[in-house]
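Since the model is a prediction, treat every value here as computed from it, not as a measurement. In what follows, chains carry the letters A, B, and so on, assigned in the order in which the sequence lines appear, proteins first and then strands, with residues in each chain numbered from 1.
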Number of protein chains: 2
Amino acid sequence: MWRCSLSVKISLTLKEGKYLTFMYRRQVEEDKRATTTTLAKSFKVNPATVTETLQKLAKKKLVDYTRYYGAKLTERGIIEAQKLLRKHRILEVLFVKLLNFDAESACEEAAKIDHYCSVDLINAICQTYEHPDTCPCSKKIFRDPTCIKGWC
Amino acid sequence: MWRCSLSVKISLTLKEGKYLTFMYRRQVEEDKRATTTTLAKSFKVNPATVTETLQKLAKKKLVDYTRYYGAKLTERGIIEAQKLLRKHRILEVLFVKLLNFDAESACEEAAKIDHYCSVDLINAICQTYEHPDTCPCSKKIFRDPTCIKGWC
DNA sequence: AGCAAGTTTAGGGTTAACCAAACATTTTTA
DNA sequence: TAAAAATGTTTGGTTAACCCTAAACTTGCT
C-alpha cells in the first residue's frame, strides 16, 4: 500500500552514488551530457561496466536510460545526487576551515568518506559552520530541510 | 626481496578491522578472551562466519589461531588494532569537541567512517586538537609517529 | 550504403559477506 | 567417567558489488 513512492528508502552502493554525483555535475552544473565513454574514462572502468551500472540506476528510477542514447538523472536521481553532494561539500568545508586543508585535498578526503557519513553528522557540521551555502570551490551546498538554523 | 616483512602493506576489509578492534578491547584492555561465540553474538553473525574471518586474519598473521582454542592478536594484529582505534578515537574527540555530540553518538558516528579515513586526515584532526591522549570515554589514543607535535 | 566510433550483451570472474547443517571437540555434570 | 550439553569447525552453498573480454549491435557520418 504505497501512498507515496518517493518516500521509499533508496539504497545506493558506493559506485552508484559516485555515478549519480558525476552525472549531476555534468548534467545540471555543466549542462554537458555524460556519455558511457565519459563515465568509463572518468572511473577507469570498461564501458560495459558503465552500462551495467546505468541499468541498475534505471531500475531504481534514478536515471532515465535509453539504449545507445544515454542516461539522464530523474527527479529522484537529482535529489539523491544533491544529498550526496551536500555531504561531500559540507565535509570539504570542515576540512578547509578546521584543518586548513587546501580545496583539492579536502575534496579527496571527503570523497573517501562522504558516502558513509550519516545525515545527522553532516547536519551537525553544517550547523557548526553556520549553514554554509558554498563549498571551498564555490559550488552550491544544497539545504536539507531537517537541518534547521538556530534562532538568531 | 622482502627485507622487513613488517613493512608489507596490510589490507584489511571492514569486518576484519572490526574484529581486530573488538579483540583488542577484550584481550588488551579488558584482559578477557574473545571466544567465537562472543564475537558471533557481538556482530550478530553465525559462529561459522566468525571462524572464517579468524582464519583469514590468521592467514594475514594478525592473529594466532588454534582450532577450538581461540585466537589471540599477534604483535602485528595489535599494531593494526591500535591504528584503527586511534582513528576511531580521534574522530570521537572531533565529534564531541566540535559538534557537542555525547560520547555514545560520537562512537556510533565514528564507527561508520573510521575504516575509510586516511591517516593524513586523522593526523590533521589530531594536531588541531593538540594530540589528545584520551577519547571522550577516557580510553587511550595511540600515538602515530608521523603525527608530529608543533614546536611550542 | 558502408564504416568507424561508440554501446550493449553475453558470459564470465573475484572478493567480501553471510548462512544452515553436519560434524568434531571440549566441557560439564550426573 | 561416560554421556549430554555447549561450543567450535567444516562443508557447501548464497548474494551482492564490483569488474572484465569478446562478440554483436546502433548510430552517425561520409
Side-chain angles (χ1 to χ4, degrees), chain A residues 8-23 26-27 32-73 77 80-81 84 111-116, chain B residues 8-23 26-27 32-73 77 80-81 84 111-116:
Chain A
V8 177
K9 229 340 194 196
I10 292 160
S11 83
L12 289 175
T13 69
L14 180 59
K15 283 303 178 89
E16 284 171 352
K18 299 296 180 195
Y19 277 54
L20 244 35
T21 53
F22 183 88
M23 290 178 72
R26 303 283 293 187
Q27 176 179 317
K32 289 179 201 157
R33 198 154 72 92
T35 63
T36 298
T37 305
T38 308
L39 284 157
K41 278 188 185 149
S42 165
F43 291 113
K44 296 187 178 113
V45 295
N46 194 290
T49 306
V50 174
T51 302
E52 197 190 15
T53 304
L54 290 178
Q55 288 169 346
K56 279 184 189 155
L57 287 170
K59 216 170 281 169
K60 294 183 184 180
K61 311 268 190 205
L62 296 163
V63 304
D64 283 325
Y65 170 72
T66 317
R67 280 155 75 253
Y68 297 103
Y69 170 77
K72 237 192 103 209
L73 294 173
E80 290 305 309
L84 287 169
K112 290 174 193 157
I113 60 172
D114 52 8
H115 178 82
Y116 305 102
Chain B
V8 176
K9 219 5 187 180
I10 292 159
S11 83
L12 288 175
T13 69
L14 181 58
K15 283 306 177 89
E16 284 172 352
K18 298 297 180 195
Y19 277 54
L20 243 36
T21 53
F22 183 87
M23 291 178 72
R26 301 283 293 187
Q27 175 178 319
K32 290 180 201 155
R33 199 153 72 94
T35 63
T36 297
T37 305
T38 308
L39 284 157
K41 277 187 186 150
S42 165
F43 291 112
K44 294 187 180 116
V45 295
N46 192 293
T49 306
V50 173
T51 302
E52 200 190 12
T53 303
L54 290 178
Q55 287 169 346
K56 280 185 188 155
L57 287 170
K59 217 171 279 169
K60 295 184 183 180
K61 310 268 189 205
L62 296 164
V63 304
D64 282 325
Y65 170 71
T66 318
R67 279 156 75 252
Y68 298 104
Y69 169 78
K72 237 192 103 208
L73 293 173
E80 289 306 309
L84 288 170
K112 290 174 193 155
I113 60 173
D114 51 9
H115 178 83
Y116 304 102

Fill in the blank from the handout: Sorted by chain and residue number, the side chain to side chain donor-acceptor pair (under 3.5 Å) partners of A/Q27 (sequence neighbours excluded) come out as none
Practice task
For C/dC18, take OP1 and OP2 only and decide whether either is under 4.0 Å from a side-chain N or O of B/K15.
Solution key: yes
Practice task
Provide, to the nearest angstrom, the distance between the CZ atom belonging to B/F43 and the P atom belonging to C/dC18.
Solution key: 9 Å
Exercise for the section: Using a 4.0 Å heavy-atom cut-off, write out nucleotides 2-16 of chain D from 5' to 3' as B (base contacted by protein), S (sugar-phosphate only) or - (no contact). Expected result: -----SBBB------
Handout entry: Interatomic distance, B/L39 CG vs C/dA17 P [rounded to whole Å]
Key = 14 Å
Practice task
For B/F43, enumerate each residue passing the ring pair (Phe, Tyr, Trp, His ring centres under 6.0 Å) test, keeping only those at least two apart in sequence or located in another chain.
Solution key: B/Y19, B/F22
Practice task
Enumerate the residue pairs fulfilling salt bridge (charged side-chain N to carboxylate O under 4.0 Å, His left out) with a member in residues 36-58 of chain A, sequence neighbours excluded, ordered by first and then second residue.
Solution key: none
Practice task
May I have all residue pairs that pass salt bridge (charged side-chain N to carboxylate O under 4.0 Å, His left out) and include part of residues 11-22 of chain A, sequence neighbours excluded?
Solution key: A/E16-A/K60, A/K18-A/D114
Completion exercise
Atom NZ of A/K44 and atom P of D/dC19 are separated, to the nearest Å, by 12 Å
Practice task
Report yes if the side chains of A/L62 and A/L73 come closer than 4.5 Å at any heavy-atom pair, otherwise no.
Solution key: no
Completion exercise
With sequence neighbours left out, the residues meeting ring pair (Phe, Tyr, Trp, His ring centres under 6.0 Å) with A/Y116 are B/Y116
Fill in the blank from the handout: B/E16 CD to C/dA17 C1', in whole Å, measures 11 Å
